[in-house]
2 protein chains.
Amino acid sequence: MSPKPDVSEERKEQITEAATKVFAEQGFDKARMDDIATEANLSKGTLYLYFKSKDAIIKHLLDKLFEREFADLQSLTDDPRPASEKLITFSETMITEMQTWTRLIPIMYEFLGRLFRQSVVQKAFKKYMRFYLDLITPVIQQGIDEGEFKAGNAEDVAITIGAIFEGTILLWVYDSEMIDLEKHLSSGMKLLMDGLKA
Amino acid sequence: MSPKPDVSEERKEQITEAATKVFAEQGFDKARMDDIATEANLSKGTLYLYFKSKDAIIKHLLDKLFEREFADLQSLTDDPRPASEKLITFSETMITEMQTWTRLIPIMYEFLGRLFRQSVVQKAFKKYMRFYLDLITPVIQQGIDEGEFKAGNAEDVAITIGAIFEGTILLWVYDSEMIDLEKHLSSGMKLLMDGLKA
DNA sequence: TCCTTATAACTGACCAGTCAGTCAGTTGTT
DNA sequence: AACAACTGACTGACTGGTCAGTTATAAGGA
């Protein structure tokens with residue numbers, strides 16, 4: 001038995017939370033390890049007990065964000081309803097999910113902008129895209145097969161849907177006065193589905 | 001009269017070009033002023049004769065990019081054709097224009113990701129969005145008024161078009177194997193216009 | 001209950017590398 | 001001679017990461 005309880009999970013959580021706050025306020029560049037340490041009520045040295053480097057903290061944050069987005073969508077696969085209804089559910093789920101971590105989205109974009117050169121990040125993104133397309137493409141295909149949607153390439157449609165989501169978020173990140181995230185995601189999705197109908 | 005011809009425009013151009021190349025290869029952070037100087041066949045000191053700082057070079061680059069995208073689209077305003085044709089022209093112009101500076105798009109995104117916190121950049125982006133919406137919204141409205149498009153909020157539609165463009169580009173930046181920029185921009189635009197038709 | 005001890009947890013001064021920006025000096029042209 | 005153009009060694013500020021030393025706590029013994 002060790003003379004002290006293992007606090008490493010607790011500390012990692014504590015550091016991650018502090019890092020999120022500091023990164024959100026200062027951006028990745030300006031944020032110093034000392035800032036994160038102060039925010040976490042720890043010393044800089046302690047940070048290095050739990051994370052190998054600054055980049056490791058950033059990567060950990062990314063993983064958590066992706067993981068979170070994956071989780072709520074899996075259910076769609078076995079849903080027996082018509083394609084159009086499933087797409088609406090998908091869209092609503094995404095919008096709701098998004099609202100819960102609004103504050104983190106800008107960080108995510110900064111992160112992607114900063115690290116897209118790194119293959120780790122590119123791989124994570126590709127994996128995310130693959131997951132998304134494998135989820136949505138079959139739904140579109142189902143719609144086409146059942147005569148609900150007009151004929152066409154299902155994956156191209158899925159990509160356009162993805163683009164509408166990513167694009168609306170991007171516009172919103174830069175101009176949140178002009179863009180109402182929920183409203184414009186809905187109206188974009190609706191417009192697209194009108195175009196899909198047979 | 002000065003004893004030598006003024007070379008400052010030439011130098012600025014030379015430095016901008018070198019900086020573009022270095023930034024594209026290394027990213028903004030890793031790129032050192034010495035790298036840019038070497039690439040431009042100048043010394044670091046000379047860089048500072050023509051640009052106040054590294055940030056000034058980056059800002060100059062951004063200005064050039066925005067300027068370039070603005071230029072080719074102005075003509076649309078006085079175009080007498082039906083809305084749907086104008087939208088197609090718009091889309092084709094954007095795609096063509098994009099192809100000429102493909103190499104710079106990732107820089108642009110890195111730039112936006114990095115600096116969205118800075119009000120100068122946010123203002124530039126808002127100005128760009130305003131320009132874009134003021135160009136496209138009236139075209140949509142025209143289509144609605146002339147009965148070509150179904151009724152709805154013209155600006156919302158314009159925003160969705162913008163989102164499709166920005167989103168497709170974003171996906172392409174991260175996964176250029178999966179996304180064919182020209183093909184997916186076209187198919188997205190087509191899908192949306194089908195949804196628009198009255 | 002108190003003391004000893006092992007060791008996990010933690011600290012923060014320090015190191016080493018980096019790099020934007022400066023400036024005293026050089027070059028070349030008129 | 002005059003002056004614009006240019007150079008590159010140097011400086012100063014910064015910060016990610018290290019590590020020798022300190023503190024706190026549980027376990028075991030008296």
Side-chain angles (χ1 to χ4, degrees), chain A residues 1-62 110-111 114-115 117-118 120-121, chain B residues 1-62 107 110-111 114-115 117-118 120:
Chain A
M1 198 83 221
S2 74
K4 281 197 178 186
D6 184 6
V7 292
S8 71
E9 275 315 306
E10 189 188 331
R11 287 286 171 282
K12 275 195 176 178
E13 183 56 36
Q14 187 177 347
I15 292 168
T16 305
E17 201 159 316
T20 304
K21 189 172 173 195
V22 174
F23 285 147
E25 275 165 10
Q26 317 229 37
F28 288 109
D29 264 352
K30 275 194 72 189
R32 287 169 302 133
M33 292 300 270
D34 273 319
D35 296 332
I36 298 172
T38 305
E39 180 65 37
N41 280 112
L42 292 168
S43 73
K44 187 162 68 157
T46 304
L47 262 43
Y48 285 90
L49 294 178
Y50 301 101
F51 290 97
K52 219 175 99 272
S53 63
K54 187 179 184 181
D55 273 0
I57 296 181
I58 295 175
K59 179 164 186 319
H60 182 72
L61 248 172
L62 182 78
E110 183 184 6
F111 187 89
R114 181 188 151 118
L115 297 184
R117 241 167 274 279
Q118 297 187 10
V120 198
V121 179
Chain B
M1 202 84 226
S2 74
K4 281 197 178 184
D6 184 6
V7 292
S8 72
E9 273 315 306
E10 189 188 332
R11 286 286 171 283
K12 276 193 177 178
E13 181 56 38
Q14 188 178 348
I15 292 167
T16 305
E17 201 159 316
T20 304
K21 189 172 172 193
V22 174
F23 285 147
E25 277 165 9
Q26 317 227 37
F28 287 110
D29 260 355
K30 276 194 70 188
R32 288 169 300 134
M33 291 301 268
D34 273 318
D35 296 332
I36 298 172
T38 304
E39 181 65 38
N41 279 112
L42 292 168
S43 72
K44 186 161 69 157
T46 304
L47 261 44
Y48 283 90
L49 294 178
Y50 300 101
F51 288 97
K52 218 175 99 273
S53 64
K54 188 180 184 180
D55 273 359
I57 296 180
I58 295 175
K59 180 163 187 319
H60 182 72
L61 246 171
L62 182 78
I107 303 187
E110 184 185 6
F111 187 90
R114 169 132 340 163
L115 298 185
R117 238 169 279 279
Q118 297 188 9
V120 198

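Protein chains get the first letters and strands the later ones, always in sequence-line order, with residue 1 at the start of each.
Shortest non-hydrogen contact noted between A/A37 and A/S43 is CB-C, 3.7 Å. Residue B/Y50 comes nearest to B/K12 through the heavy atom pair O-CE, 3.5 Å, listed as atom of the first residue, atom of the second, then distance. A/L47 and A/M33 get closest at one heavy-atom pair: CD2-O, 3.3 Å.
Note on B/Y50: only backbone sugar-phosphate atoms sit closer than 4.0 angstrom, heavy atoms only; bases stay farther off.
A donor-acceptor pair under 3.5 Å is formed between the side chain of A/K54 and the backbone N or O of A/F28.
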Give me, pair by pair, the N or O atoms of the protein and of nucleotides 19-22 of chain C that are less than 3.5 Å apart, along with how far apart they are.
unit_1: C/dA20; atom_1: OP1; unit_2: B/K54; atom_2: NZ; d: 3.1
unit_1: C/dA20; atom_1: OP2; unit_2: B/M33; atom_2: N; d: 2.9
unit_1: C/dA20; atom_1: N7; unit_2: B/K44; atom_2: NZ; d: 3.0
unit_1: C/dG21; atom_1: OP2; unit_2: B/Y48; atom_2: OH; d: 3.0
unit_1: C/dG21; atom_1: OP2; unit_2: B/K54; atom_2: N; d: 2.9
unit_1: C/dG21; atom_1: N7; unit_2: B/K44; atom_2: NZ; d: 2.9
unit_1: C/dG21; atom_1: O6; unit_2: B/K44; atom_2: NZ; d: 2.4

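Regarding B/L47, its CG atom lies at a distance of 12 Å from the C1' atom of D/dT7, rounded to whole Å. Atom CD of A/Q26 and atom C1' of D/dC14 are 14 Å apart (whole Å). Rounded to whole Å, the distance from CD on A/E10 to P on C/dA8 is 18 Å. Spacing between atom CG of A/N41 and atom C1' of C/dC10 amounts to 13 Å, rounded to whole angstrom units.
Dashed line: the shortest gap from a side-chain N or O of A/T46 to OP1 or OP2 of C/dA9 is not under 4.0 Å.
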Problem set entry | Trace of the side chain to side chain contact (heavy atoms under 4.5 Å, CB included) decision for A/K21 with A/E17 | CA-CA 6 Å; A/K21 189 172 173 195; A/E17 201 159 316; over 6 Å; no
For this session: Starting from the C-alpha separation in whole Å, work towards a yes-or-no answer on side chain to side chain contact (heavy atoms under 4.5 Å, CB included) for B/I58 and B/L61.
Result: CA-CA 5 Å; B/I58 295 175; B/L61 246 171; 5.6 Å; no
